[in-house]
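See structure below.
Labels below follow one simple rule: chain letters A, B, ... track the order of the sequence lines, proteins then strands, and each chain is numbered from 1.
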Number of protein chains: 2
Amino acid sequence: MTETAAAPAPGTPVTGAGQGTGSPGRAALLRALEELAREQGVSNVGLREVARRAGLSHAAPTHFFGSREGMIRALAFEGLELLDDELCVAQERDAQLPGRERLVSDAKEFVAFAQRHPAHFDAIFRTPSAAAGDGSLDRARRAALDGLRALVAEVHAAGDIGGDVETAFLQLCTLSHGIASLAVDGLLQGLDEVPEGPNAAADVVERIIRAQVAQLP
Amino acid sequence: MTETAAAPAPGTPVTGAGQGTGSPGRAALLRALEELAREQGVSNVGLREVARRAGLSHAAPTHFFGSREGMIRALAFEGLELLDDELCVAQERDAQLPGRERLVSDAKEFVAFAQRHPAHFDAIFRTPSAAAGDGSLDRARRAALDGLRALVAEVHAAGDIGGDVETAFLQLCTLSHGIASLAVDGLLQGLDEVPEGPNAAADVVERIIRAQVAQLP
DNA sequence: CACCTCCGCTTTACATTGTCAAGGCTTTAC
DNA sequence: GTAAAGCCTTGACAATGTAAAGCGGAGGTG
């Protein structure tokens with residue numbers, strides 16, 4: 001009984017799914033939110049700050065999204081569409097690679113998404129409002145991961161990997177999520193022993209994922 | 001150049017490491033913070049709310065910790081001590097299990113820590129202030145993980161696992177972190193297909209970790 | 001044209017928050 | 001007995017999130 005029903009604002013009352021983004025102001029606000037969240041972390045951005053950066057009045061965000069939480073929810077939905085798109089094009093691109101290579105690529109793509117769009121990643125997976133309860137977010141999140149689930153099933157069906165499909169899927173999901181989280185927070189460097197060269201993070205990511213996929217039964 | 005140097009309050013000026021917790025008020029504040037963070041997530045707790053719950057004036061937290069961020073930092077340091085302790089007793093307890101069993105147990109222990117102390121876990125690994133920069137927090141975090149690093153090295157030296165030690169360590173770390181993060185946020189249930197029985201989360205955690213360790217070369 | 005009604009946003013207002021400066025009370029030291 | 005230190009409070013300020021009411025124009029209807 002927290003507050004599942006958002007305040008039904010006079011205008012647009014919080015778009016449930018992603019369709020119908022509509023007004024230019026709304027889009028500008030999301031852009032501003034993304035920028036600020038990328039700079040300070042999504043949980044540190046203020047409603048009024050976003051409005052200022054977007055060049056609107058301080059109450060514009062509340063008007064469109066109902067509340068601060070609603071605003072971040074909106075960013076999460078936008079991010080889920082983005083994630084879905086990027087994973088799809090990656091899978092298409094890698095369609096004729098060997099099975100395990102496709103798994104490696106997909107996991108890498110997930111991590112890369114988190115690094116390219118840290119604000120969206122946070123909004124989707126790591127913000128308190130994302131945590132539990134919200135049915136439609138839960139469903140959308142699950143849907144976005146169905147691509148990976150299907151890929152694992154396909155590779156398994158083709159005999160490229162063995163063992164339990166669901167377990168393999170869970171391993172890839174949790175590992176990718178862990179790597180992505182640590183990478184976004186800059187904590188991967190702290191883990192590894194050697195400071196390394198220019199793109200240390202990318203190398204470590206590649207190394208872990210590749211080892212993981214190679215070890216699947 | 002954000003603000004590495006905290007405000008040197010007249011009294012205790014933010015304890016750098018964990019030693020010398022001292023005053024009763026300080027401890028009460030940390031208790032209150034932990035309670036509230038467990039209920040609402042660490043990023044949603046307010047300075048004044050913590051003070052109220054602890055039965056102190058609204059400025060007490062600022063007095064002891066310098067700032068809101070400092071307060072959470074303090075929780076992080078406390079949590080790191082706790083984590084270190086718990087991992088140590090677990091390793092001691094499992095000293096004579098076979099090598100891979102010890103790895104399984106340690107990883108499970110890490111996840112269990114996150115579930116038992118979600119506020120501490122967040123403060124250590126998942127709060128924006130934990131992200132980058134802070135040298136002493138970085139060092140403490142790394143130190144807390146040295147136990148696991150040593151264990152992996154030991155098991156590897158004994159010939160129970162092969163391959164690259166550092167990679168194995170990274171795999172275990174990132175996987176554990178991913179599982180812990182998802183579990184704390186209640187997102188693990190959303191991943192798995194079957195709703196399952198009573199302690200679904202624990203079963204899934206066990207399954208993933210066990211598979212992972214079994215697959216190490 | 002006049003009128004009405006939305007849509008998109010603003011203005012005003014208020015309770016609450018984080019932070020700062022200053023001060024008081026108690027304990028310890030000399 | 002006086003001084004100092006530790007522990008905490010009171011008071012104030014700017015900034016935040018949220019709610020309610022209002023404004024201007026576009027679009028349709030008579």
Side-chain angles (χ1 to χ4, degrees), chain A residues 2-15 19-33 36-37 40-75 127-129, chain B residues 2-15 19-33 36-37 40-75 127-129:
Chain A
T2 49
E3 74 300 285
T4 32
T12 318
V14 175
T15 65
Q19 59 96 27
T21 50
S23 42
R26 206 189 115 103
L29 287 168
L30 282 178
R31 288 278 169 84
L33 169 58
L36 288 166
Q40 331 169 357
V42 71
S43 66
N44 282 345
V45 304
L47 217 39
R48 290 165 111 107
E49 199 182 3
V50 170
R52 234 168 309 163
R53 165 97 48 139
L56 297 174
S57 86
H58 70 242
T62 340
H63 168 72
F64 284 112
F65 307 114
S67 70
R68 202 191 100 103
E69 198 176 322
M71 182 175 75
I72 292 167
R73 244 178 67 105
L75 190 69
T127 228
S129 37
Chain B
T2 49
E3 74 300 283
T4 31
T12 318
V14 175
T15 64
Q19 58 97 26
T21 50
S23 42
R26 206 188 116 104
L29 286 168
L30 282 178
R31 288 276 168 86
L33 169 58
L36 288 166
Q40 331 169 356
V42 71
S43 66
N44 283 347
V45 304
L47 217 38
R48 289 166 111 107
E49 199 182 4
V50 169
R52 233 168 307 160
R53 165 98 46 140
L56 296 175
S57 85
H58 69 238
T62 337
H63 166 72
F64 283 112
F65 308 113
S67 70
R68 202 191 100 102
E69 197 175 324
M71 183 175 75
I72 292 167
R73 243 177 68 103
L75 189 70
T127 227
S129 38

| remark: Whether each nucleotide of nucleotides 9-17 of chain D has a protein heavy atom under 4.0 Å at its base (B), only at its sugar-phosphate (S) or at neither (-) is summarised, 5' to 3', as BBBB---BB
| Going by the salt bridge (charged side-chain N to carboxylate O under 4.0 Å, His left out) test, which pairs reach into residues 41-58 of chain A, not counting sequence neighbours? | A/Glu35-A/Arg53, A/Glu39-A/Arg53
| To the nearest angstrom, how far is A/Phe65 atom CZ from C/dC9 atom P? | 10 Å
| said: Taking side-chain contact (heavy atoms from CB on, under 4.5 Å) as the definition, give me every residue that meets it alongside A/Ser43, ordered by chain and number, with sequence neighbours left out. | reply: B/Ser43, B/Pro128
| task | Determine the minimum heavy-atom distance between B/Val42 and B/Arg68, stating which atoms define it. | result | O-NH2, 4.2 Å
Protein-nucleotides 25-28 of chain D N/O pairs closer than 3.5 Å?
none

| request: Rounded to the nearest 0.5 Å, what's the gap from CG on B/Leu29 to CG on B/Leu75? Could you check? | output: 11.5 Å
| query | Which base, if any, makes a Watson-Crick or G-U wobble pair with C/dC30, both distances under 3.5 Å? | reply | D/dG1
| A/Ala74 versus A/Arg26, closest heavy-atom pair with distance | CB-NH2, 4.2 Å
| request: Measure the CG-CG distance between B/Asn44 and B/Leu36 for me, rounded to the nearest 0.5 Å. | output: 11.0 Å
| Residue pair A/Ala51 / A/Ser57: nearest heavy atoms and the distance that separates them | CB-O, 3.2 Å
| request: Starting at CG of A/Leu30, measure out to CZ of A/Phe64 and round the result to the nearest 0.5 Å. | output: 10.0 Å
